[in-house]
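The first residue in the sequence is number 1, and the count goes up from there. Order of appearance sets the numbers: ligands from 1, and atoms from 1 within every ligand.
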Amino acid sequence: MTSDRVTVLTGGSRGIGAATARLWATSATPSDVLLLTYRSRAEDAARVVADVVDAGGRAEAVRCDVADPAEVAGVFERADALGVLVALVNNAATLEQQADFEDLDHERWRRVFATNVLGVAEACRHAVRRMSAAHGGRGGAVVNVSSKAAQLGSPHEYVDYAASKAALETLTRGLALEVAPHGVRVNGVRPGIIDTDMHADGGEPGRAARLGPGQPMGRAGTAEEVAAAILWLLSPAASFTTGAFVDVSGGR
Ligand code: NAP
């Protein structure tokens, strides 16, 4: 193991994850290395890695379905080979087609929770075992990406997704309190309507354009605006912040 500082970022192939990787590169030191994951878009992930390298950073992409605990374990084994884990961003999430609650079947709930809750819990577990001073670790920071949906419930769209984000928020808070004495900060961001391709997965590619003008700030947010909050929470500037959520939702 080297003494290089490793940041693991899930879902780095597009949207908010890709923006976070690119912004990370702008403040990375030569001993920092970014290990980003993707599920299916290998070419997009490779392009993000190339952008990080072009900006002077070091990065590597690894395929991982966060719903598969063995694949999540593999990511952290790779992180160990690269250096010492200092940060984790749980950004990957899945969103299925807009539907009424009565049409959300059991298998769909399973899929959504497997990725958005169990995947996050598993990654947090691996990270904390490495970072916690209780296990001889040097501390670190975790940021979990929630959604305003956790508070709004997403009726007639995806109550399953909203409920998964509420669970993510509770696990974030509980974990933060457990590891606060051991040098590990655990926080979250809560994006509102952000202009990414995720809305197409929900069946409405134009959702951000439709809903943006109705937001308090009169527009949808950008992936870069969410990335800025994530990187602030990871940074020493947020050294006394844990168990907290930053709303990046234009006042919504
Ligand atoms: P996105 O453009 O759909 O990107 C999702 C990323 O997650 C992709 O890199 C994808 O990988 C990866 N991913 C999805 N399922 C995965 C799985 N099972 N295992 C591993 N990786 C997986 O989404 P986004 O809009 O950037 O959203 C990023 C985060 O912000 C999510 O947590 C989302 O819930 C949250 N958020 C977004 C909005 C919004 O309006 N966009 C609002 C609130 C919260 P591949 O591309 O390789 O499949």
**Item:** Among V48, L211, N91, closest by any non-hydrogen atom to atom 32 (O) of ligand 1
**Value:** N91

**Request:** Among all protein heavy atoms, pick out the one at the shortest distance from atom 46 (O) of ligand 1; state its residue, atom name and that distance to 0.1 Å.
**Result:** R41 NH1, 2.7 Å

**Request:** Say whether I16, considering both its backbone and side-chain N or O atoms, lies within less than 3.5 Å of an N or O atom on ligand 1.
**Result:** yes

**Message:** Quick one, V142 with N144, criterion side-chain contact (heavy atoms from CB on, under 4.5 Å). Give me CA distance, side-chain angles, the key distance, then yes/no.
**Reply:** CA-CA 7 Å; V142 176; N144 292 334; 3.6 Å; yes

**Asked** Nearest to atom 11 (O) of ligand 1, what protein heavy atom do you find, and at what distance?
**Response** S13 OG, 3.3 Å

**Message:** Below 4.0 Å from ligand 1: does a non-hydrogen atom of A45 turn up there or not?
**Reply:** no

**Request:** Would you check the N or O atoms of P191, main chain and side chain alike, for any that come under 3.5 Å of an N or O of ligand 1?
**Result:** no

**Asked** If you measure from each heavy atom of A223 to ligand 1, is any distance below 4.0 Å?
**Response** no

**Asked** Do V84 and V6 come within less than 4.5 Å of each other through their side chains, counting heavy atoms only?
**Response** no

**Message:** Name the residue from L231, N90, I230, V246 that meets the side chain to side chain contact (heavy atoms under 4.5 Å, CB included) definition with V143.
**Reply:** I230

**Prompt:** Is E71 salt-bridged to R39, cutoff N-O under 4.0 Å?
**Reply:** no

**Asked** Under a 4.0 Å N-O cut-off, is there an ion pair linking R22 with D51?
**Response** yes

**Prompt:** Does V186 reach the side chain of V179, with side-chain heavy atoms less than 4.5 Å apart?
**Reply:** yes

**Request:** Specify the protein heavy atom at minimum distance from atom 3 (O) of ligand 1: its residue, its atom name, and the distance to 0.1 Å.
**Result:** R14 NH2, 2.8 Å

**Prompt:** Considering only the protein, which heavy-atom contact is closest to atom 34 (O) of ligand 1, and what is its distance?
**Reply:** Y161 OH, 2.5 Å

**Prompt:** Considering only heavy atoms from C-beta outward, does the side chain of W232 approach that of T241 to under 4.5 Å?
**Reply:** yes

**Message:** Tell me whether R207 is salt-bridged to E157, with the criterion being a basic N under 4.0 Å from an acidic carboxylate O.
**Reply:** yes

**Item:** Mutual orientation of the aromatic rings belonging to H126 and F76 [parallel < 30°, tilted 30-60°, perpendicular > 60°]
**Value:** parallel

**Request:** Return a yes/no value for I193: is any of its N or O atoms, backbone included, closer than 3.5 angstrom to an N or O of ligand 1?
**Result:** no

**Prompt:** Regarding S31 and D4, is there a side-chain donor-to-acceptor distance under 3.5 Å anywhere?
**Reply:** no

**Protein heavy-atom partner closest to atom 18 (N) of ligand 1 - residue, atom, separation in Å** = D65 OD1, 2.9 Å

**Prompt:** Does a donor on one side chain and an acceptor on the other come within less than 3.5 Å for D44 and S13?
**Reply:** no

**Request:** Pull out every atom of ligand 1 sitting under 4.0 Å from any heavy atom of G11, numbered as shown with elements.
**Result:** 6 (C), 7 (O), 9 (O), 12 (C)

**Item:** Nearest-option assignment for atom 23 (O) of ligand 1, heavy atoms, candidates R63, M198, K148
**Value:** M198

**Item:** Atoms of ligand 1, numbered as shown, that sit under 4.0 Å from any heavy atom of Y38
**Value:** 47 (O)

**Item:** Nitrogen or oxygen atoms of K165 and ligand 1 under 3.5 Å apart
**Value:** yes

**Message:** Residue-level breakdown please: for T115 versus ligand 1, do any non-hydrogen atoms fall below 4.0 Å on the side chain, on the backbone, on both, or on neither?
**Reply:** side chain

**contact_flag A220 ligand 1 heavy-atom lt 4.0 Å** = no

**Fill in**
among protein heavy atoms, the one nearest atom 20 (C) of ligand 1 is C64 O, 3.0 Å

**Prompt:** Side chains of R78 and V8: closer than 4.5 Å at any heavy-atom pair?
**Reply:** no

**Complete:** Partner of E60 under side chain to side chain contact (heavy atoms under 4.5 Å, CB included), picked from V49, L35, V52, T37, is L35

**Message:** Can you report which non-hydrogen protein atom sits closest to atom 17 (C) of ligand 1, along with the distance?
**Reply:** R39 CD, 3.5 Å

**Item:** Atom indices of ligand 1, in the order listed, that fall short of 4.0 Å to a heavy atom of G192
**Value:** 38 (C), 40 (O), 42 (C), 43 (C)

**Asked** With a cut-off of 4.0 Å, which atoms of ligand 1 are near a heavy atom of S147?
**Response** 43 (C), 44 (C)

**Asked** Which residue and non-hydrogen atom of the protein lie closest to atom 41 (N) of ligand 1, and at what distance in Å?
**Response** T196 OG1, 3.0 Å

**Asked** Using 4.0 Å as the upper bound for N to carboxylate O, is an ion pair formed by D160 and R108?
**Response** yes

**Non-hydrogen atom of R190 closer than 4.0 Å to ligand 1** = no

**Request:** Heavy-atom contacts with H199 under 4.0 Å: which atoms of ligand 1 show up? List them by number with element.
**Result:** 39 (C), 40 (O), 41 (N)

**Request:** Under 4.0 Å, heavy atoms only, figure out whether ligand 1 is touched by the backbone of S146, its side chain, both or neither.
**Result:** backbone

**Message:** Quick one, Y161 and E96 - any side-chain contact, counting heavy atoms below 4.5 Å?
**Reply:** no

**Contact with ligand 1 for T37, non-hydrogen, under 4.0 angstrom** = no

